[in-house]
There are 2 protein chains.
Amino acid sequence: MTVLFSKKCEYGLQAILYMAAQEEDRICSAEEISNKLSIPKEFVSKILQSLTLNGIVESKKGKTGGFKLSINPSKIKLIDIVEAIDGLESFNSCVLGFSNCSPKNPCPVHKEWGELRNKAYEMLSSETIDKFKEKTLTKIGVL
Amino acid sequence: MTVLFSKKCEYGLQAILYMAAQEEDRICSAEEISNKLSIPKEFVSKILQSLTLNGIVESKKGKTGGFKLSINPSKIKLIDIVEAIDGLESFNSCVLGFSNCSPKNPCPVHKEWGELRNKAYEMLSSETIDKFKEKTLTKIGVL
DNA sequence: TTTTAATCAGACAAAAATATCTGATTTTTA
DNA sequence: TAAAAATCAGATATTTTTGTCTGATTAAAA
């Protein structure tokens, strides 16, 4: 198995993109998100619950309850979600699993991987997710 | 958690680099590799056993037994090890976990991630591991 | 020939990731 | 006010990954 993000993180990213593509302040139930994205309902619910603790999402209880972004999509980057769910350690650890990999004690691919990692970080942090609205709608087929 | 390779794959890569940095045809016991790389002995043993099936490693039983590369390091690339252990699916699947991510049905970061992924693939496949001998020796401290 | 030290095979165990269930609480709506 | 439908919290279950153990076999060396 080779992975970049955990399932939890992938689902979180998808759910956030989904919500960001909705009309502002529209509340989405866990069930709706689950159906549209084919994510187990309780699982996505848990993930969004945890993101409420980070202040990225807010929830409303009771009938007509659900989740919505508590921050405007123009203020959210993909890296924020990744950080909240998976953390950023992987952007600081050796791709080959060696310990103490650093410029002073580099692994055989330290430099090359470092550059790639920086580009990946940049990819996740250069654009805010409001830029992804159209693409998300197309991908998800919510048109 | 964010990961690029599984532990199994990281250990496999380290062990192969270790063996490639030894004198040609020198046999390394699982215990030696375990000690030098701080990998659980039985685990690295299992990994190397499985790599014998791919023809990358060969084993010798009995006292003075152990493992050595069955291919010259100048014929092995990191991607070969990755493929043998983790497989290459991640180089063909969506970083956000969306299904059917393709140029015709792209996710919001399809193009950008595709480029990065290609560079990562290139990093793992452009150089053979004989080029890493010195760096490996330095990193591992077997001088 | 016996002891020693290694792989090998397969079962087993532990930990982490992923997923589900249950029941309490909340809030809208009939 | 009662029913319905949602979050929320916490326990539980399942699956995958990671790691360990045991015993059989092999081969070198005493």
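Residues I76(B) and T128(B) are not in side-chain contact: their nearest non-hydrogen atoms beyond the backbone lie 4.5 Å or more apart. By the 4.5 Å heavy-atom criterion applied to side chains, K68(B) and R26(B) are not counted as neighbours. Counting heavy atoms from C-beta on, the side chains of H110(A) and C94(A) never come closer than 4.5 Å. No side-chain heavy atom of I27(B) sits less than 4.5 Å from a side-chain heavy atom of Q22(B). Within the 4.5 Å cutoff, no side-chain heavy atoms of F5(A) are placed close to those of I85(A). Contact of the L17(B) side chain with the L78(B) side chain is registered, since non-hydrogen atoms from C-beta on lie closer than 4.5 Å.
For the pair E58(A) CD and dT7(D) P, the computed distance is 14 Å after rounding to whole Å. Between the P atom of dA19(C) and the CD1 atom of I39(A) lies a distance of 10 Å, rounded to the nearest Å. If you measure from atom CG of L53(A) to atom P of dT7(D), you get 15 Å, rounded to the nearest angstrom. Atoms CZ (F67(A)) and P (dA5(D)) sit 18 Å apart, rounded to a whole Å. The distance from atom CG of L48(A) to atom C1' of dA6(D) is 14 Å, rounded to the nearest whole Å. Atoms CD1 (I27(A)) and P (dT27(C)) sit 12 Å apart, rounded to a whole Å. Protein atom CD of E32(A) is 14 Å distant from nucleotide atom C1' of dA5(D), rounded to whole Å. Put simply, CD on E89(B) is 14 Å from P on dT16(D), counting in whole angstrom units.
Applying the ring-ring contact (aromatic ring centres under 6.0 Å, His included) test to every pair with at least one member in residues 35-81 of chain A, sequence neighbours left out, gives these pairs: Y11(A)-F43(A).
One side chain, S45(A) or Q49(A), offers a donor N or O that lies under 3.5 Å from an acceptor on the other.
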* Asked: In the 5'-to-3' direction, what one-character label does each nucleotide of nucleotides 24-30 of chain D receive under the scheme B = base within less than 4.0 Å of a protein heavy atom, S = sugar-phosphate only, - = no such atom?
  -> --BBB--
* To do: Between protein and nucleotides 17-23 of chain D, map the contacts as a letter string: B base, S sugar-phosphate only, - none, heavy atoms under 4.0 Å, written 5' to 3'.
  => SSSBB--
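Annotation for K8(A): atom NZ does not count as buried by contact number, only 12 or fewer foreign heavy atoms lying within 6.0 Å.
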